[in-house]
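For reference, the structure discussed in these notes is given below.
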Amino acid sequence: MKTLFLAWQDPKSRAWLPIGRLTFDGKKYQFVYTQGAVKAQTEHNFQLLYSLPDLNKEYASVELFPLFSNRLMRRSRPDYKAYIESLNIPEGEDDPVSILSRSGGRKVTDYFEVFPCPEPDENGLYHIHFFVHGLRHLPACATERINQL
C-alpha cells in the first residue's frame, strides 16, 4: 500500500493543512478527506474539491484521480528521463505515486502539494525525500548548517 497526503495552503494566512489521503494498493486508488479538511473549512474557508465534493465519502478509482494525474510530467516529453533522474527515482520505479511522492506535485496554478506517509524500513528507520521551501525565513546559523549537509 502506498500512501500520499494532500496538503492545501491557505493563500491568506499561508498556513499548510493536510486535507486528504490518497492510497494505492496496486489495483485501485482511494481518496478520503482528513480532519485537516474540516479544520481548513472552518478556520480558513477551504472549499472542497470540485471533483471530490463529499467530505465523508471514500472515493475509489482504477485510474489516478485527475487532481493528481495533472501533476505528473508526461512520459512523452523529451526531458522526462532527466526529470526522473533529478528526483532520484531508480530506473523502472517511476510509477505515479513515487513521482508525486518525490516531486510534491506542486503547480503554480493552485495551493496544493502532496507528501508521502513516512514508513519505517526493515530496521525501523525512516528515509524520506522532499524539497525544502521557506529556507529564507530561517536564521543564518540554521542556513549555514543546512549548507553543510
Side-chain angles (χ1 to χ4, degrees), residues 1-11 13-41 44 46-138 143 145-149:
M1 178 79 72
K2 293 184 176 185
T3 303
L4 296 176
F5 287 98
L6 178 66
W8 171 77
Q9 185 179 38
D10 178 8
S13 71
R14 309 289 294 160
W16 282 98
L17 297 114
I19 58 141
R21 183 180 66 240
L22 176 73
T23 56
F24 181 63
D25 65 6
K27 294 184 181 182
K28 69 178 177 176
Y29 295 93
Q30 291 182 296
F31 178 83
V32 295
Y33 284 104
T34 63
Q35 287 300 310
V38 175
K39 182 177 180 178
Q41 280 186 307
H44 301 278
F46 171 70
Q47 302 296 310
L48 296 178
L49 303 165
Y50 180 76
S51 60
L52 306 164
D54 189 337
L55 183 66
N56 300 306
K57 184 176 178 181
E58 181 177 292
Y59 295 91
S61 175
V62 294
E63 294 183 22
L64 186 60
F65 300 99
L67 173 71
F68 298 97
S69 64
N70 290 335
R71 296 169 187 284
L72 297 169
M73 180 184 279
R74 296 189 190 281
R75 289 178 184 261
S76 60
R77 284 189 42 171
D79 54 343
Y80 178 80
K81 185 176 180 187
Y83 174 67
I84 296 302
E85 288 174 1
S86 75
L87 295 175
N88 201 27
I89 296 176
E91 191 172 334
E93 294 182 26
D94 56 335
D95 62 272
V97 175
S98 295
I99 295 170
L100 288 169
S101 173
R102 294 280 179 101
S103 71
R106 297 224 43 201
K107 295 181 82 169
V108 297
T109 56
D110 64 30
Y111 297 97
F112 296 103
E113 185 172 322
V114 296
F115 63 93
C117 179
E119 296 179 7
D121 66 12
E122 62 278 354
N123 299 315
L125 301 174
Y126 291 85
H127 305 270
I128 189 164
H129 298 264
F130 57 91
F131 288 107
V132 179
H133 47 83
L135 292 178
R136 68 183 181 277
H137 302 292
L138 294 174
T143 305
R145 176 68 178 117
I146 290 169
N147 289 334
Q148 294 174 4
L149 296 175

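We're numbering straight along the sequence, starting at 1. The figures that follow rest on heavy atoms only: side chains count, while hydrogens, waters and symmetry mates do not.
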Does [X] reach the side chain of [Y], with side-chain heavy atoms less than 4.5 Å apart?
X: Phe5; Y: Cys117; value: yes
X: Phe24; Y: Leu22; value: no
X: Ser61; Y: Lys28; value: no

Quiz item: Hey, is CZ on Arg145 packed in by over 12 heavy atoms from elsewhere, all under 6.0 Å?
Solution: no

Quiz prompt | More than 12 heavy atoms of other groups within 6.0 Å of Tyr83 OH | solution = yes

Practice problem: Would you please name every residue forming a ring pair (Phe, Tyr, Trp, His ring centres under 6.0 Å) with Tyr59, sequence neighbours left out? | Solution: none

Quiz item: What is the ring orientation for Tyr33 with Phe31, classed by angle as parallel under 30°, tilted 30 to 60°, or perpendicular over 60°?
Solution: perpendicular

Quiz item: How are the rings of Tyr29 and Phe65 set to each other: parallel, tilted or perpendicular (split at 30° and 60°)?
Solution: perpendicular

Counting N and O atoms only, with roles assigned by atom type, does the side chain of [X] sit under 3.5 Å from a partner on the main chain of [Y], one being a donor and the other an acceptor?
X: Thr34; Y: Pro18; answer: yes
X: Asn123; Y: Leu125; answer: no
X: Ser98; Y: Asp94; answer: no

For [X] and [Y], which heavy atoms make the closest approach, and how far apart are they?
X: Pro116; Y: Ile128; value: CG-CD1, 3.7 Å
X: Phe46; Y: Ala37; value: CD2-O, 4.2 Å
X: Val114; Y: Gly105; value: CG2-N, 4.0 Å
X: Leu87; Y: Arg102; value: O-NH1, 2.8 Å
X: Phe112; Y: Trp16; value: C-CZ3, 4.4 Å
X: Arg14; Y: Pro11; value: CD-O, 3.8 Å

With rounding to the nearest 0.5 Å, note down the distance linking [atom1] in [X] to [atom2] in [Y].
X: Ile84; Y: Ile89; atom1: CD1; atom2: CD1; value: 4.5 Å
X: Glu58; Y: Leu52; atom1: CD; atom2: CG; value: 12.0 Å
X: Leu48; Y: Trp8; atom1: CG; atom2: CH2; value: 11.0 Å
X: Leu49; Y: Leu6; atom1: CG; atom2: CG; value: 6.5 Å
X: Ser101; Y: Leu4; atom1: OG; atom2: CG; value: 5.5 Å
X: Leu138; Y: Ile146; atom1: CG; atom2: CD1; value: 5.0 Å

Quiz item: Is there a side-chain contact (heavy atoms from CB on, under 4.5 Å) between Leu72 and Leu64 once you walk through the steps?
Solution: CA-CA 11 Å; Leu72 297 169; Leu64 186 60; 3.8 Å; yes

Quiz item: Do Asp25 and Lys2 sit within salt-bridge range, that is, some charged N less than 4.0 Å from a carboxylate O?
Solution: no

Quiz item: Under a 4.0 Å N-O cut-off, is there an ion pair linking Asp79 with Arg77?
Solution: yes

Quiz item: Under the side-chain contact (heavy atoms from CB on, under 4.5 Å) criterion, do Met73 and Ile99 qualify, and how do the steps go?
Solution: CA-CA 9 Å; Met73 180 184 279; Ile99 295 170; over 6 Å; no

Quiz item: What pairs with Asp110 under salt bridge (charged side-chain N to carboxylate O under 4.0 Å, His left out), at least two apart in sequence or on another chain?
Solution: Arg71

Quiz prompt | Trace of the side-chain contact (heavy atoms from CB on, under 4.5 Å) decision for Lys27 with Val62 | solution = CA-CA 6 Å; Lys27 294 184 181 182; Val62 294; over 6 Å; no

